[in-house]
Colleague: 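Below: one structure in structure tokens.
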Amino acid sequence: MNKLEAGVKAPAFSGKDQNGKTVKLADFKGKKVALYFYPQDMTPTCTVQACNLRDNYNILQANGIQVIGVSPDEVSSHKKFEERHQLPFPLIADTKHSIIEKYGVWGEKQLYGRKYMGLHRTTFLINEEGIIEKVYLKPKSKQHAEEILAFYKS
């Protein structure tokens, strides 16, 4: 994994969201972005994290923070995930791992002693100038919005 750190320019990206709309980092210039990478739609931990961000979305927006999710799932999977859980933010389908690789969140994982390649749940807080301000390598799924807000309030 190629880890990006706070203080570096966030890599530019472009991808299709759950509605087939192209979403680019450049679209959010002048805004704060919480770019969160998650392994898979509909899985328990990913659902808890997405719903926490959904439940606090108005507060995040009031603080000028735009939420964007990215996973290797297909557009159709993201659409079902959005509809089932009423998610108000874009979910980018990165089936070819182009964004995932740029942000260095794909790498070796281990579960029950078995090693495999997969996406590491990670969130990047990007400022109005496109600079990464904070990286959460292991976000707290049940309190992720609170983590983000606490960072900006400190």
Colleague: Check this for me, if you would: do K79 and E82 make a salt bridge, where the nitrogen-to-carboxylate-oxygen distance has to be below 4.0 angstrom?
Modeller: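 The answer is yes: the pair qualifies as a salt bridge.
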
Colleague: Are V70 and Y36 packed together at the side-chain level, in the sense that at least one heavy-atom pair is separated by less than 4.5 angstrom?
Modeller: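 Contact flag for V70/Y36 side chains = no.
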
Colleague: Measure the spacing between NZ of K32 and OH of Y152 and express it to the nearest 0.5 Å.
Modeller: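 OH of Y152 is found 6.0 Å from NZ of K32.
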
Colleague: For the CD atom of Q61 and the NZ atom of K31, what is their distance to the nearest 0.5 Å?
Modeller: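 Spacing of CD (Q61) from NZ (K31) equals 8.0 Å.
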
Colleague: Are the side chain of D55 and the backbone of N52 linked by a donor-acceptor contact shorter than 3.5 Å?
Modeller: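 No; zero donor-acceptor contacts below 3.5 Å.
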
Colleague: What pair of heavy atoms forms the shortest contact from A6 to V135, and how long is it?
Modeller: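 A6 and V135 have their closest heavy atoms at N-CG2, 4.1 Å.
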
Colleague: To the nearest 0.5 Å, what is the distance between CG (L137) and OG1 (T122)?
Modeller: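 Output value for this atom pair is 5.5 Å.
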
Colleague: Indicate yes or no for a side-chain donor-acceptor contact from S77 to the backbone of E74 under 3.5 Å, with no hydrogens or angles considered.
Modeller: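 Answer holds: no.
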
Colleague: Below 4.5 Å, heavy atoms only, C-beta onward: do N63 and K153 meet side chain to side chain?
Modeller: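 Of all side-chain heavy-atom pairs linking K153 with N63, at least one is under 4.5 Å.
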
Colleague: F151 vs E133, test: side-chain contact (heavy atoms from CB on, under 4.5 Å). Steps then yes/no.
Modeller: CA-CA 10 Å; F151 172 78; E133 292 187 301; 4.0 Å; yes

Colleague: Could you tell me the separation between the CG atom of L35 and the CG atom of L125, rounded to the nearest 0.5 Å?
Modeller: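 That separation rounds to 9.5 Å.
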
Colleague: If only side-chain N and O atoms count, and only distance matters, is there a donor-acceptor pair under 3.5 Å linking D17 with H78?
Modeller: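 Absent: no donor and acceptor within the cut-off.
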
Colleague: I'd like to know if the side chain of N127 reaches the main chain of E129, judged simply by a donor and an acceptor atom lying under 3.5 Å from each other, with no hydrogens or angles considered.
Modeller: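 Yes, the answer is positive, given that a donor and an acceptor are paired below the 3.5 Å cut-off.
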
Colleague: What are the two closest heavy atoms between Q18 and V75, and how far apart are they?
Modeller: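 Here Q18 and V75 meet closest at O-CG1, 3.7 Å.
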
Colleague: Going by heavy atoms in the side chains, are P90 and K21 under 4.5 Å from each other?
Modeller: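 A side-chain contact is absent here, since even the closest heavy-atom pair is not under 4.5 Å.
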
Colleague: Less than 4.5 Å apart, any side-chain heavy atom of Y116 and any of E108?
Modeller: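 No, every pair of side-chain atoms sits at 4.5 Å or beyond.
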
Colleague: Within a strict 4.5 Å, meaning less than it, do heavy atoms of the L53 and I148 side chains meet?
Modeller: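 In short, these two side chains touch, coming nearer than 4.5 Å.
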
Colleague: Can a donor-acceptor pair be found, under 3.5 Å and without considering hydrogens, that links the side chain of R54 to the backbone of Q86?
Modeller: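 Not confirmed, R54 side chain does not pair with Q86 backbone.
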
Colleague: L60 and I68: same hydrophobic cluster, using ILVMFWY side-chain contacts below 4.5 Å?
Modeller: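 Different clusters.
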
Colleague: Is any side-chain heavy atom of Y136 less than 4.5 Å from a side-chain heavy atom of E147?
Modeller: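 Result yes, sub-4.5 Å side-chain heavy-atom pair found.
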
Colleague: Please test I126 against L25 for side-chain contact (heavy atoms from CB on, under 4.5 Å), starting from the C-alpha separation and ending with a verdict.
Modeller: CA-CA 10 Å; I126 303 168; L25 181 58; 4.2 Å; yes

Colleague: For the backbone of A12 and the side chain of K102, can you confirm whether one donor and one acceptor N or O come within less than 3.5 Å of each other?
Modeller: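 Yes.
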
Colleague: Less than 4.5 Å apart, side chain to side chain, heavy atoms only: is that true for D94 and S71?
Modeller: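 With C-beta onward as the side chain, the pair stays apart.
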
Colleague: Write down the atom of E5, the atom of V8, and the distance for their closest heavy-atom approach.
Modeller: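 Nearest heavy atoms, E5 then V8: O-CG2, 3.0 Å.
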
Colleague: Can you classify the ring geometry of F13 versus Y103 as parallel (below 30°), tilted (30 to 60°) or perpendicular (above 60°)?
Modeller: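 Rings of F13 and Y103: perpendicular, as their planes differ by over 60°.
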
Colleague: Applying side-chain contact (heavy atoms from CB on, under 4.5 Å) to I59 and I65, what does each step give before you reach the verdict?
Modeller: CA-CA 9 Å; I59 299 166; I65 305 162; over 6 Å; no

Colleague: Indicate yes or no for a side-chain donor-acceptor contact from T43 to the backbone of T45 under 3.5 Å, with no hydrogens or angles considered.
Modeller: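 Flag not set: sc T43 to bb T45 has no pair under 3.5 Å.
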
Colleague: If you take all heavy atoms of K109 and L119, which pair is closest and at what distance?
Modeller: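 Looking at all heavy atoms of both residues, the closest pair is NZ-O, 2.8 Å.
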
Colleague: With a 4.5 Å limit on heavy-atom distance, are the side chains of Y38 and Q49 in contact?
Modeller: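 The answer is yes; the side chains approach within 4.5 Å.
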
Colleague: Applying a strict under-4.5 Å side-chain criterion to I, L, V, M, F, W and Y, I'd like to know whether F37 and V33 cluster together.
Modeller: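 F37 and V33: one cluster.
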
Colleague: Is there a path of hydrophobic side-chain contacts, each under 4.5 Å between heavy atoms of I, L, V, M, F, W or Y residues, that connects L111 with M117?
Modeller: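 Result: no, two separate clusters.
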
Colleague: Can you label the angle between the F89 ring and the Y57 ring as parallel, tilted or perpendicular, going by 30° and 60°?
Modeller: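 F89 vs Y57 ring planes: tilted.
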
Colleague: Checking K134 against F124: charged group under 6.0 Å from the ring centre and within 45 degrees of the axis?
Modeller: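 Output no; distance or angle outside limits.
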
Colleague: I'd like to know if V48 and M42 are part of one continuous hydrophobic network [Ile/Leu/Val/Met/Phe/Trp/Tyr, side-chain heavy atoms within less than 4.5 Å].
Modeller: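 Different hydrophobic clusters.
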
Colleague: Find the distance between CG (D41) and SG (C46) and round it off to the nearest 0.5 Å.
Modeller: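 Interatomic distance, D41 CG to C46 SG, rounded to 0.5 Å: 7.5 Å.
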
Colleague: Drop me the distance from Q40's CD to T47's OG1, to the nearest 0.5 angstrom.
Modeller: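 One finds 9.5 Å between CD of Q40 and OG1 of T47.
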
Colleague: Indicate the atoms forming the closest heavy-atom contact of I92 with G15, along with that distance.
Modeller: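 Heavy atoms only, the tightest pair is CG2-CA, 3.8 Å.
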
